Amino acid sequence: MGEYSTIGIRERKESKTVKIGASLNSEIIEELVNKWQSLIDTAAQIANVPSGLIMRLNTNTIEVFLKSNTEGNPYEIGEEAELIHGLYCETVIGKQEKLLVPDAKKSDVWRENNPDVDINMISYLGHPINWPNGDVFGTVCILDNKENFYNELINSFIFQIKQHIETDLELVYVNEVLKEKNKELELLNTTKTRFLSLISHDLRGKIGASDQLLKFASKRFIDLDRSKVKDIINTASKSIDSSFNLLENLLIWAKSDFVQLEPDKKEINISSCFDILIQEFSLELEQKKIEIIKNYYSDDAIMMADENMLIIILRNLLSNAIKYSSEYGIISVGFEPCIEGFLLKIEDSGIGMSKATVQHLFNYNSKHHPKGTKGESSAGIGLMLIKEFIDQHGAKINVDSEIGLGTKVQITWPG
């Protein structure tokens, strides 16, 4: 990334905006600085001039990055000049070519309002220095306190210094890019690991529920009538189908580089999503004798969402509502239109949470997620996934809860 600087091209009496590699300039390692110092010292000695400089362009100033250790050099490392004078180096940067000024005092262009002339640096030879992506670094130049036309040998040597520095900057740039790529890879790897943990959490919950259901049927088989056994088998079959679909979705996401977590938004029937999940949790609702109340604004309401992500969001919220509801509790699910689009609601009459728990609800920390009313475990992993998917859709979630008074969850979903 870079910033921009506006420099003056004195010869053309115009200004130009250029991009500078500001975020990379501070990454010049000591080994390169020492090398450049040796080069600029040699240049000043060969040219027999008091001053050799490597200049760096900043947003509002140009500064002396390095100076030759030659007698009579009036410049200091770190010295800055505002970009209001149209300095020699500004013209070099603006024109992106060599500048030779044999004697500024004899030039109508350079003799007036020139800070370098004020300190008797009247002759100048400089070349531009750029980063490999085209961003400006600055210049390499030599200056003299007397008229100097600088012969071809000296000009060639300054140009070679420019090339050496730009080659070094390319190495710095590549190293910086690699650092950024490594950070991205680390982030992607962390996201992938987290995501797999979240999905496995979802799968374990669903398969575990099916397992409990079938074990219940096996133990009570003699006591159950045929219709009840059929209902249990149908419910288990649906839960296993849902687990299979979830696993299949995981494989699809993996093939499409799912770690980017980009939603594939399509038209979704909201009431159908709620109905599917209510049916999916029918056993848990029956075991706790929980009453479900549907508050649907319309059976035909459509919103834009990634169906897989929306189902996971609602599934985890409904699962938590059931988990933290006591027997004979009430859970209300529904939606209504709002200014932003739709307001999705899941409310329960369960055990509720403290303000501290609500504050840390979407953090990956199991200590903020107590066991359910029947001892159900919770690490809060599903909630972390909820927050990520909601953010991906530009939606917002709000949780209001008090201990003993239940929990209200509202999601403002863009239309």
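Nothing here was measured: the structure is a model prediction, and the numbers come from that model. For the single chain, residues carry numbers from 1 onward in sequence order.
- Within the 4.5 Å cutoff, side-chain heavy atoms of Leu285 are placed close to those of Ile322.
- Atom CD of Glu267 has 12 or fewer heavy atoms from other residues, nucleotides or ligands within 6.0 Å.
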Between Asn320 and Val409, does the side chain to side chain contact (heavy atoms under 4.5 Å, CB included) criterion hold? Intermediate values first, please. CA-CA 11 Å; Asn320 280 347; Val409 180; over 6 Å; no
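- For the residue pair Ala395 and Asp391, the shortest heavy atom distance occurs at O-OD1, 4.4 Å.
- Under the ring pair (Phe, Tyr, Trp, His ring centres under 6.0 Å) criterion, Tyr297 pairs with no residue at all, not counting sequence neighbours.
- Side-chain atoms of Ser349 come within 3.5 Å of backbone atoms of Ile330 as a donor-acceptor pair (strictly under, hydrogens ignored).
- Checking side-chain atoms of Asn316 against main-chain N and O of Ile312 turns up a donor-acceptor pair under 3.5 Å.
- Pairing each heavy atom of Ala305 with each of Ile268, the nearest pair is O-CG1, 3.6 Å.
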Pair Leu83-Leu57, side chain to side chain contact (heavy atoms under 4.5 Å, CB included): steps then yes or no: CA-CA 9 Å; Leu83 303 174; Leu57 184 65; 4.0 Å; yes
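- Thr139 places no side-chain N or O within donor-acceptor distance of the main-chain N or O of Pro128, the cut-off being under 3.5 Å.
- Among Lys162, Gln163, His164, the one residue that satisfies the side-chain hydrogen bond (donor to acceptor under 3.5 Å, both in side chains) test with Glu166 is Lys162.
- Distance check: Leu344 CG to Leu310 CG gives 7.0 Å after rounding to the nearest 0.5 Å.
- For the atom pair CD (Glu63) and CE (Met55), the distance works out to 8.0 Å, reported to the nearest 0.5 Å.
- Classification of the Trp36-Phe137 ring pair by plane angle, with boundaries at 30° and 60°, yields perpendicular.
- Between the side chain of Ser107 and the backbone N or O of Val109 there is at least one donor-acceptor pair closer than 3.5 Å.
- Counting all heavy atoms, side chain and backbone alike, Leu99 lies closest to Tyr88 at CD2-O, 3.5 Å.
- A 4.5 Å side-chain heavy-atom check between Asp144 and Pro50 finds at least one atom pair inside the cut-off.
- Looking only at side-chain heavy atoms (C-beta outward), Leu318 and Phe274 stay at 4.5 Å or farther from each other.
- At least one donor-acceptor pair under 3.5 Å links the side chain of Ser5 to the backbone N or O of Asn58.
- Residues Val399 and Met353 are in side-chain contact: their nearest non-hydrogen atoms beyond the backbone lie under 4.5 Å apart.
- From Leu125, atom CG reaches atom CD1 of Ile154 across 8.0 Å, with rounding to the nearest 0.5 Å.
- Of all heavy-atom pairs between Phe335 and Ala301, the closest is CE1-CB, 3.4 Å.
- A donor-acceptor pair under 3.5 Å is formed between the side chain of Asn73 and the backbone N or O of Ser68.
- In this structure, Asp116 and Trp110 have side chains that are not in contact, with every pair of non-hydrogen atoms separated by 4.5 Å or more.
- When all heavy atoms are compared, the tightest approach of Met121 to Pro74 is CG-CG, 4.0 Å.
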Does the side chain to side chain contact (heavy atoms under 4.5 Å, CB included) test come out yes or no for Lys16 and Val18, once each step is laid out? CA-CA 6 Å; Lys16 182 178 181 180; Val18 297; 4.2 Å; yes
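- At a cut-off of 3.5 Å, with distance as the only test, no side-chain donor of Thr412 or Glu340 sits close to an acceptor on the other residue.
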Report the C-alpha distance between Tyr296 and Asp275 in whole Å, list the side-chain angles of each, state the deciding distance to 0.1 Å, and finish with yes or no for side chain to side chain contact (heavy atoms under 4.5 Å, CB included). CA-CA 10 Å; Tyr296 298 167; Asp275 287 341; 2.8 Å; yes
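- With contacts defined as side-chain heavy-atom distances shorter than 4.5 Å, the pair Ile119/Tyr75 qualifies.
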Atom pairs and distances, side-chain donor-acceptor, residues 89-98, under 3.5 Å, sequence neighbours left out:
unit_1	atom_1	unit_2	atom_2	d
Glu90	OE1	Gly8	N	2.6
Glu90	OE2	Gly86	N	3.2
Glu90	OE2	Leu87	N	3.0
Thr91	OG1	Arg10	N	3.3
Lys95	NZ	Glu11	OE1	2.7
Lys95	NZ	Glu97	OE2	3.4
Gln96	OE1	Asn130	ND2	2.5
Gln96	NE2	Ile93	O	3.0

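- Distance CG/Leu277 to CG/Leu314: 6.0 Å, rounded to 0.5 Å.
- Contact of the Tyr173 side chain with the Asp135 side chain is not registered, since no non-hydrogen atoms from C-beta on lie closer than 4.5 Å.
- The existence of a salt bridge linking Lys183 and Glu180 is confirmed by a sub-4.0 Å separation between a basic side-chain nitrogen and an acidic carboxylate oxygen.
- The two atoms that bring Ser332 and Asn295 nearest to each other are OG-ND2, 2.8 Å, heavy atoms only.
- Remark: the Gln37 side chain and the Asp41 side chain contain an N/O donor-acceptor pair separated by less than 3.5 Å.
- At least one donor-acceptor pair under 3.5 Å links the side chain of Asn269 to the backbone N or O of Asp299.
- Counting heavy atoms of neighbouring residues, nucleotides and ligands inside a 6.0 Å radius, atom NZ of Lys408 does not exceed 12 of them.
- Taken to the nearest 0.5 Å, the CD1 atom of Ile397 stands 7.5 Å off from the CG atom of Leu361.
- Residues Ile290 and Phe281 are not in side-chain contact: their nearest non-hydrogen atoms beyond the backbone lie 4.5 Å or more apart.
- Sparse packing is recorded around NZ of Lys266, with 12 or fewer heavy atoms of other residues, nucleotides or ligands lying under 6.0 Å away.
- Residue Leu178 places its CG atom among more than 12 non-hydrogen atoms of other residues, nucleotides or ligands, all under 6.0 Å distant.
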For Asn114 and Tyr124: C-alpha separation, side-chain torsions, deciding distance, then whether side chain to side chain donor-acceptor pair (under 3.5 Å) applies. CA-CA 12 Å; Asn114 187 340; Tyr124 174 93; over 6 Å; no
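- With rounding to the nearest 0.5 Å, the separation of CD in Glu286 from OG in Ser282 is 7.5 Å.
- With hydrogens and angles disregarded, no donor-acceptor distance shorter than 3.5 Å links the side chain of Ser319 to the backbone of Arg315.
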